[in-house]
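Have a look at the structure below before the remarks.
All values below were derived from every heavy atom in this structure, side-chain atoms included, with hydrogens, water molecules and symmetry-related copies excluded.
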Amino acid sequence: MEPLDTELEDGALELPSDPMHLNMGPAHPAMHGTVRIVLELSGETIVKADVQIGYLHRGFEKMCERGTWAQVFPYVDRLNYVSPMLNNVGYALAVEKLCGIQVPERCQWYRMALGELARISDHLTCDGAMAMELGAFTPFLWFLKAREMVWDILEEETGARLTHSFGRIGGMARPPTDAFAEMCHGALGAIINIVEEGEKMLLNNRIFVDRLENVGKISGADALSLGWTGPCLRASGVAYDIRKAHPYLKYDEVDFDVPVGKSGDTLDRFLVRLAEIRQSKRIIEQCLERMPKSGPVSVDNPWVVLPEKEAVYTTIEATIQHFKLIMEGAKVPAGEVYSYTEAGNGELGFYLISDGSGTPYRVRVRPPSFLSTAGLGGLITGRMISDVVPTFGSLNMIGGECDH
């Protein structure tokens with residue numbers, strides 16, 4: 001009998017086979033939120049990937065159109081629920097742009113400091129989850145420990161650890177606490193130490209690096225064509241950051257760098273987020289140094305800002321003002337506006353239309369992770385099943401934001 005390993009005609013040893021279809025999600029340990037990926041496989045190689053979102057769709061935009069302008073804040077908290085303060089600030093700036101309102105200087109520095117704390121929380125969660133999903137559970141716990149330090153500060157300032165509803169049209173709900181600067185200085189150094197410990201453990205681990213390096217690569221041109229922004233775009237070498245390109249608040253007055261990657265792979269997306277944590281620390285320290293120690297954090301405008309509680313209880317004028325703003329809402333001038341800020345995943349945009357009433361006529365959101373997730377299929381096609389986990393994790397898809 002002729003040996004099986006002898007050379008035969010091409011295809012003689014190949015058995016006919018159909019591609020296998022595999023569902024990942026919508027309930028799957030590697031899926032960030034409820035998203036489904038239908039994979040067409042040849043062995044363990046992905047031939048085709050159909051990424052399906054929408055399982056968490058809650059009608060966010062239509063819910064926002066049923067209440068007053070101020071009642072939208074709890075909804076935007078639940079877009080990217082890992083860094084809700086950035087959503088609060090982004091929406092407040094959009095309404096203020098429509099109203100032609102400039103908030104006091106103290107409020108601008110305060111918003112920046114809180115927003116950068118939220119950005120640190122976002123990046124710690126993303127990179128920690130990436131490590132955990134590849135089996136590195138200890139760095140995940142370390143990064144969550146650092147995130148808890150951020151949440152301790154936010155809880156002290158806002159009264160809530162996660163969904164704060166702290167932003168207001170024309171300012172913030174309350175001024176900074178007396179211990180705000182001290183808490184930030186105490187936590188930021190400890191957070192960077194934890195990040196450095198995590199880096200030593202992960203980046204010196206050959207298995208971890210091999211799982212990320214040259215996986216899920218995308219060029220800067222392709223990322224731009226998909227509408228990518230934020231860390232995912234910057235990891236592909238495009239140094240576009242709204243805080244630098246189109247400064248808002250006081251970002252044009254602080255010194256910070258825009259980290260960029262070289263290869264546009266999953267490792268670069270991991271490293272860019274770690275570098276941005278360090279830049280956020282720099283920004284926060286400058287905010288704390290330059291923020292006035294006293295002064296208002298809201299504009300002196302009774303048409304949009306609620307009166308002090310004591311005045312509501314003791315004067316008829318404040319009672320009427322409070323009643324009108326709560327029951328009818330602030331009368332935002334008729335018109336339309338698009339306002340955009342640098343959120344945890346990139347450009348978070350709000351397109352608002354006002355008909356002059358106290359209720360938004362239209363609210364539309366541009367969620368950055370929606371566009372990042374749209375590129376997932378191309379990143380994993382031709383790769384192995386195991387590459388789906390780190391690649392998808394590096395995009396940081398947040399269900400509430402993506403499906404809105």
Side-chain angles (χ1 to χ4, degrees), residues 17-56 123 125-136 140 202 206-238 261-273 344-346 367-399 401-403:
S17 62
D18 294 325
M20 182 175 74
H21 289 83
L22 179 70
N23 276 307
M24 291 188 71
H28 189 280
M31 298 294 100
H32 291 213
T34 47
V35 59
R36 179 185 185 214
I37 308 175
V38 182
L39 300 172
E40 187 175 307
L41 304 173
S42 175
E44 288 194 35
T45 302
I46 299 169
V47 177
K48 184 179 178 182
D50 180 17
V51 181
Q52 301 175 6
I53 65 167
Y55 290 88
L56 197 62
H123 291 345
T125 306
C126 176
D127 280 3
M130 282 180 64
M132 181 265 295
E133 288 166 353
L134 296 179
F140 170 67
L202 294 171
R206 193 68 245 169
I207 297 174
F208 181 80
V209 174
D210 285 346
R211 291 292 304 273
L212 302 186
E213 201 168 22
N214 296 317
V215 173
K217 293 182 67 172
I218 184 171
S219 68
D222 288 343
L224 283 171
S225 69
L226 286 168
W228 282 21
T229 54
C232 292
L233 175 64
R234 292 189 284 273
S236 295
V238 181
K262 297 179 180 177
S263 303
D265 58 7
T266 301
L267 180 61
D268 272 345
R269 290 189 282 274
F270 180 84
L271 295 176
V272 161
R273 286 188 172 90
N345 286 322
S369 66
F370 173 80
L371 296 148
S372 301
T373 307
L376 175 61
L379 296 186
I380 60 178
T381 301
R383 303 294 307 185
M384 306 287 281
I385 297 177
S386 58
D387 294 328
V388 175
V389 176
T391 304
F392 184 52
S394 72
L395 298 184
N396 198 27
M397 179 267 194
I398 305 293
E401 174 186 278
C402 184
D403 294 350

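Side-chain N or O atoms of Ser42 include none that pairs as donor or acceptor with a backbone N or O of Thr45 at under 3.5 Å. Glu401 places a side-chain N or O within 3.5 Å of a backbone atom of Ser369 that can act as its donor or acceptor partner. Listed for the Arg211 side chain is no donor-acceptor partner under 3.5 Å among the backbone atoms of Val389. Judged purely by atom type and a 3.5 angstrom limit, Asp403 uses its side chain to pair as donor or acceptor with the backbone of Gly54. Asn345 contributes a side-chain N or O that, together with a main-chain N or O of Asn396, makes up a donor-acceptor pair within less than 3.5 Å. Between the side chain of Ser225 and the backbone N or O of Asp222 there is at least one donor-acceptor pair closer than 3.5 Å. No donor-acceptor distance shorter than 3.5 angstrom exists from the side chain of Arg269 to the backbone of Gly261, with no hydrogens or angles considered.
From Leu371, atom CG reaches atom CG of Leu233 across 11.5 Å, with rounding to the nearest 0.5 Å. In this structure, the separation between CD1 on Ile218 and OG1 on Thr391 is 11.0 Å, given to the nearest 0.5 Å. The NZ atom of Lys262 lies 11.5 Å from the CG atom of Leu267; values are rounded to the nearest 0.5 Å. The line from CD of Glu213 to CZ of Phe270 is 13.0 Å long, rounded to the nearest 0.5 Å. In this structure, Leu226 CG and Thr373 OG1 are separated by 11.0 Å, a value rounded to the nearest 0.5 Å.
Contact annotation: the side chain of Leu376 never approaches that of Val35 to less than 4.5 Å [non-hydrogen atoms, C-beta and beyond].
Here the closest non-hydrogen pair linking Leu212 and Pro390 is CD2-CB, 3.5 Å. The two atoms that bring Cys232 and Ser372 nearest to each other are SG-OG, 4.3 Å, heavy atoms only. Met384 approaches Ile46 most closely through the heavy-atom pair O-CD1, 3.7 Å. Shortest non-hydrogen contact noted between Lys217 and Asp265 is CG-CB, 3.5 Å. Scanning both residues, Thr266 and Ser394, for their nearest heavy atoms gives CG2-CB, 3.6 Å.
Residues meeting the salt bridge (charged side-chain N to carboxylate O under 4.0 Å, His left out) test with Glu44, sequence neighbours left out: none. For Phe370, there are no ring pair (Phe, Tyr, Trp, His ring centres under 6.0 Å) partners two or more places apart in sequence or in a different chain.
Applying the ring pair (Phe, Tyr, Trp, His ring centres under 6.0 Å) definition to pairs two or more places apart or across chains, those involving residues 373-399 are His32-Phe392.
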